[in-house]
2 protein chains.
Amino acid sequence: MASIKDVAAEAGVSVATVSRVLNDHPSVSADARTRVLTAVEALGYRPNAVARSLRTDQTHALGLVISDVLNPYFTELARSVEEEARALGYSVIIGNADERPDLQDHHVRTLLDRRIDGLLVSPTDGGSPLMLEAARAGTPMVFVDRWIPGVDVPVIRTDGRAAVRDLVAHLHGLGHRRLAIIAGPAATTTGQERVGAFREALRAYGIELPDSYIGQGDFQAESGRRVTEEFLRLPEPPEVVFAADNLMTLGALDAIRARGMRVPHDIALAAFDDVPWFVHTDPPITAIAQPTGELGRAAVRALVDRIEGRPSTSVTLPARLVVRRSCGEPSQSRRSTP
Amino acid sequence: MASIKDVAAEAGVSVATVSRVLNDHPSVSADARTRVLTAVEALGYRPNAVARSLRTDQTHALGLVISDVLNPYFTELARSVEEEARALGYSVIIGNADERPDLQDHHVRTLLDRRIDGLLVSPTDGGSPLMLEAARAGTPMVFVDRWIPGVDVPVIRTDGRAAVRDLVAHLHGLGHRRLAIIAGPAATTTGQERVGAFREALRAYGIELPDSYIGQGDFQAESGRRVTEEFLRLPEPPEVVFAADNLMTLGALDAIRARGMRVPHDIALAAFDDVPWFVHTDPPITAIAQPTGELGRAAVRALVDRIEGRPSTSVTLPARLVVRRSCGEPSQSRRSTP
DNA sequence: CTGAAAGCGCTTACAG
DNA sequence: CTGAAAGCGCTTACAG
């Protein structure tokens with residue numbers, strides 16, 4: 001592959017001049033410029049980004065570590081991140097942690113070794129020493145969706161409390177009183193918050209959330225199935241299952257079907273995270289929708305601000321309830337349609 | 001961030017010795033080794049992969065350009081690619097072309113500039129000059145799923161012909177005679193092949209595939225909707241719609257619902273590409289499943305073989321029919337269960 | 001076993 | 001406006 005030296009030789013100028021032309025430096029004569037451009041064209045020359053990065057100490061690459069690529073929520077997040085990054089002149093390198101702290105660390109390490117300009121992460125756990133150290137050492141970093149308390153890093157996330165209250169109002173209006181939740185891992189902020197918000201919303205109606213109605217999931221479909229089976233074996237099973245993410249909802253649906261029960265006739269089901277497929281499931285699922293695209297874009301903007309030395313702050317966006325048919329007949333006060 | 005010089009100073013050795021320790025070079029004294037390792041630990045040193053890449057002319061990174069990250073098929077492919085690559089000591093940088101040739105070119109260019117060791121691509125179109133030139137110039141390259149005829153690059157793909165024949169047998173057995181297909185873009189190999197396989201399979205039953213039963217889609221949900229609407233407006237609408245990918249199937253489902261029709265009672269629906277959600281749609285969708293994970297792994301192995309100078313060859317894997325309920329009552333000879 | 005030195009492909013003060 | 005030169009952080013023959 002042709003290097004800058006070859007171009008310089010071909011154009012009859014120094015490599016410095018070639019570099020200046022390539023970087024749109026103002027002080028280059030028109031003549032030199034055209035000769036360089038001609039040589040570039042003739043040789044099919046493309047600058048070596050590796051060499052440039054070493055010299056400038058910038059890679060124009062952002063790292064994104066997400067918890068699970070197979071989760072459509074994160075996939076949509078990744079897409080919006082890449083879009084915004086591209087618009088700002090960065091490319092993004094995605095690492096999939098698969099909800100495994102060790103894999104998450106592997107990707108953080110690889111990304112850091114590759115000297116990405118900044119790191120976007122949705123942590124799977126409470127934070128490894130590696131990640132904590134990176135944040136402390138001043139690596140530009142931003143948390144998206146999930147975050148780690150006590151670390152001084154901007155957080156771009158959704159506040160689902162109002163939407164959870166709307167959901168509980170909807171369920172209560174439908175006559176449901178025994179409500180259960182499939183929680184996410186306690187090590188994640190979203191895992192904890194969603195249970196908290198649910199419990200708080202129930203309290204407003206004088207409803208308790210007993211321990212037997214809190215199932216411990218891990219944001220994966222299989223755990224949703226397992227927890228739901230446990231719920232259904234209870235002497236007094238819940239009338240509603242609220243799953244803290246879209247994949248556990250799928251598992252819950254499986255478990256309910258396997259029992260020969262029907263949603264919403266025999267049991268109601270609702271989800272945190274709305275995904276396109278929820279319109280097509282049987283029945284369509286009532287869900288809490290996050291502004292995923294906006295989340296990704298805001299996260300990139302915050303990170304790039306940090307990288308380029310501008311101040312950046314945390315952003316919290318509201319979620320909203322999307323009522324469909326999985327909890328029973330939509331009430332008069334439905335908030336949205338599929 | 002500490003550099004190799006800092007480590008050398010701290011350990012009281014030369015940078016050459018540090019480098020040797022880091023790269024497990026045999027000729028290093030035990031004493032030097034422990035001093036270097038201690039210094040590395042003390043400084044929290046991590047080698048700069050950018051500098052290493054410049055020197056060794058290897059990045060240990062693979063580029064993967066896929067047509068659409070929001071498509072669960074490609075997302076699963078990407079996951080298996082990353083897994084196998086990681087096992088072989090490579091990381092992968094994903095570029096999402098969003099079915100847009102210009103975006104595809106953008107990613108190929110960026111990846112090439114970053115000097116990835118090899119490129120895995122599932123082309124959106126017939127191949128841009130850039131990609132053709134890269135292949136010709138000897139960039140290690142492998143096509144997955146889709147490929148470009150006439151380019152001398154190994155192809156790792158699925159042969160769906162047998163499965164399409166099984167599907168047609170299933171549909172014919174159910175009494176269906178008017179069968180239509182929502183095709184993918186003619187510029188993609190998978191777009192063409194699936195229509196060809198379908199037509200061929202129909203011919204075995206003496207059934208023609210008239211032009212009016214071939215709708216032109218683009219592998220995106222919206223096109224599935226549009227084409228299905230056109231089918232339904234025909235004087236003699238088809239009894240079956242076969243969508244050439246999972247997203248167009250979703251669009252078809254929407255269009256059918258919007259008309260107030262039911263699957264499979266009023267019209268049957270089948271898909272190419274099986275995804276976990278098809279078990280949960282209303283009704284569960286009969287689909288042709290690709291061995292996606294194996295495809296991704298085989299593609300990485302072929303690419304790494306090329307990169308490391310071993311011979312590599314094309315691989316074709318069979319797809320299989322998964323019968324569910326979207327085409328009517330499962331026949332006796334159902335091949336699989338959800 | 002070890003170190004001095006060259007060199008990977010760039011960018012960028014510095015001098016002219 | 002232009003070029004010679006230094007230097008980014010590594011690796012690796014070469015000599016000892």
Side-chain angles (χ1 to χ4, degrees), chain A residues 1-37 39-40 43-61 89 109-117 137 139, chain B residues 1-37 39-40 43-61 89 109-117 137 139:
Chain A
M1 189 154 285
S3 83
I4 196 171
K5 272 188 200 165
D6 303 313
V7 177
E10 173 84 11
V13 298
S14 71
V15 295
T17 297
V18 175
S19 177
R20 289 195 189 95
V21 171
L22 263 23
N23 292 291
D24 284 320
H25 188 100
S27 48
V28 180
S29 66
D31 174 54
R33 182 177 307 276
T34 57
R35 275 160 55 209
V36 167
L37 261 18
V40 163
L43 297 161
Y45 171 73
R46 293 251 81 216
N48 183 329
V50 174
R52 179 178 289 183
S53 291
L54 179 59
R55 181 55 229 248
T56 61
D57 203 29
Q58 297 182 84
T59 51
H60 280 281
R109 197 184 328 269
T110 306
L111 260 8
L112 256 21
D113 286 356
R114 290 194 190 281
R115 299 297 191 266
I116 42 121
D117 291 342
T139 308
Chain B
M1 189 154 286
S3 83
I4 196 170
K5 274 188 198 164
D6 303 314
V7 177
E10 173 85 10
V13 297
S14 71
V15 295
T17 298
V18 176
S19 177
R20 289 194 189 95
V21 172
L22 263 22
N23 293 289
D24 283 319
H25 189 100
S27 49
V28 181
S29 68
D31 175 54
R33 181 178 308 276
T34 57
R35 274 158 57 207
V36 167
L37 261 17
V40 163
L43 277 62
Y45 170 74
R46 295 251 80 215
N48 183 328
V50 174
R52 180 177 289 184
S53 291
L54 179 59
R55 182 54 230 248
T56 61
D57 202 30
Q58 296 182 82
T59 51
H60 279 281
R109 197 185 326 270
T110 305
L111 260 7
L112 256 21
D113 286 356
R114 290 193 190 283
R115 299 300 191 264
I116 41 121
D117 291 343
T139 307

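So you know, we letter chains A, B, ... as the sequences are listed, proteins then strands, and number each from 1.
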Checklist entry - Of all of residues 7-18 of chain B, which get a heavy atom below 4.0 angstrom from DNA chain C, listed by number? => result B:Val13, B:Ser14, B:Ala16, B:Thr17
Item to check | Closest contact, heavy atoms only, B:Val40 versus B:Leu22 | outcome: CG2-CD1, 4.2 Å
Next on the checklist: Nearest 0.5 angstrom please: B:Arg46 CZ to A:Arg114 CZ, how far?
Outcome noted: 12.0 Å
Next on the checklist: For A:Met1 and A:Arg20, find the nucleotide of DNA chain C closest to each by heavy atoms; which residue's nucleotide sits nearer the 5' end?
Outcome noted: A:Met1
Next on the checklist: Would you compute the distance between atom OG of A:Ser53 and atom CZ of B:Arg115 and round it to the nearest 0.5 angstrom?
Outcome noted: 11.0 Å
Checklist entry - If you look at every heavy atom in A:Val36 and A:Val7, which pair is closest and at what distance? => result O-CG1, 4.2 Å
Next on the checklist: What's the separation between atom OG1 in A:Thr110 and atom NE2 in B:His60, rounded to the nearest 0.5 Å?
Outcome noted: 12.0 Å
Checklist entry - Does B:Arg20 use its side chain to pair, donor to acceptor, with the backbone of B:Arg33 at less than 3.5 Å? => result no
Checklist entry - First contact, last contact: which nucleotides of DNA chain D are these for chain A, 5' to 3', heavy-atom distance under 4.0 Å? => result D:dC1 to D:dG9
Next on the checklist: Among residues 25-34 of chain B, which ones have heavy-atom contacts with DNA chain C below 4.0 Å?
Outcome noted: B:Pro26, B:Ser27, B:Val28, B:Ser29, B:Ala32
Checklist entry - Under 3.5 Å, side chain of A:Asp117 to main-chain N/O of A:Thr59, donor-acceptor pair present? => result yes
Checklist entry - Between atom CG of A:Leu54 and atom CG of B:Leu54, what is the distance when rounded to the nearest 0.5 Å? => result 5.5 Å
Checklist entry - At under 4.0 Å between heavy atoms, what does A:Ser19 touch on the DNA or RNA strands: base, sugar-phosphate, or nothing? => result base
Checklist entry - So which pairs with a foot in residues 1-11 of chain B pass side-chain hydrogen bond (donor to acceptor under 3.5 Å, both in side chains), sequence neighbours left out? => result none
Checklist entry - Quick one, which residues of residues 45-52 of chain A touch DNA chain D with a heavy atom under 4.0 Å? => result none
Checklist entry - Distance-only, no hydrogens or angles: does the B:Asn23 side chain make a donor-acceptor pair with backbone N or O of B:His25 under 3.5 Å? => result no
Item to check | Interatomic spacing from CD1 in B:Ile4 to CG in B:Asn48 - rounded to 0.5 Å | outcome: 10.5 Å
Next on the checklist: Using the C1' atom as the point on both nucleotides, what is the distance between C:dG16 and C:dT12, in whole Å?
Outcome noted: 16 Å
Next on the checklist: I'd like to know if the side chain of A:Thr17 reaches the main chain of A:Val13, judged simply by a donor and an acceptor atom lying under 3.5 Å from each other, with no hydrogens or angles considered.
Outcome noted: no
Checklist entry - Checking all strands, does B:Asn23 fall into the base, sugar-phosphate, or nothing category for heavy-atom contacts under 4.0 angstrom? => result sugar-phosphate
Item to check | All stems with DNA chain C, defined as three or more consecutive Watson-Crick or G-U pairs under 3.5 Å | outcome: C:1-3 with D:14-16, C:5-12 with D:5-12, C:14-16 with D:1-3
Checklist entry - Charged N to carboxylate O under 4.0 angstrom, B:Arg109 versus B:Asp113? => result no
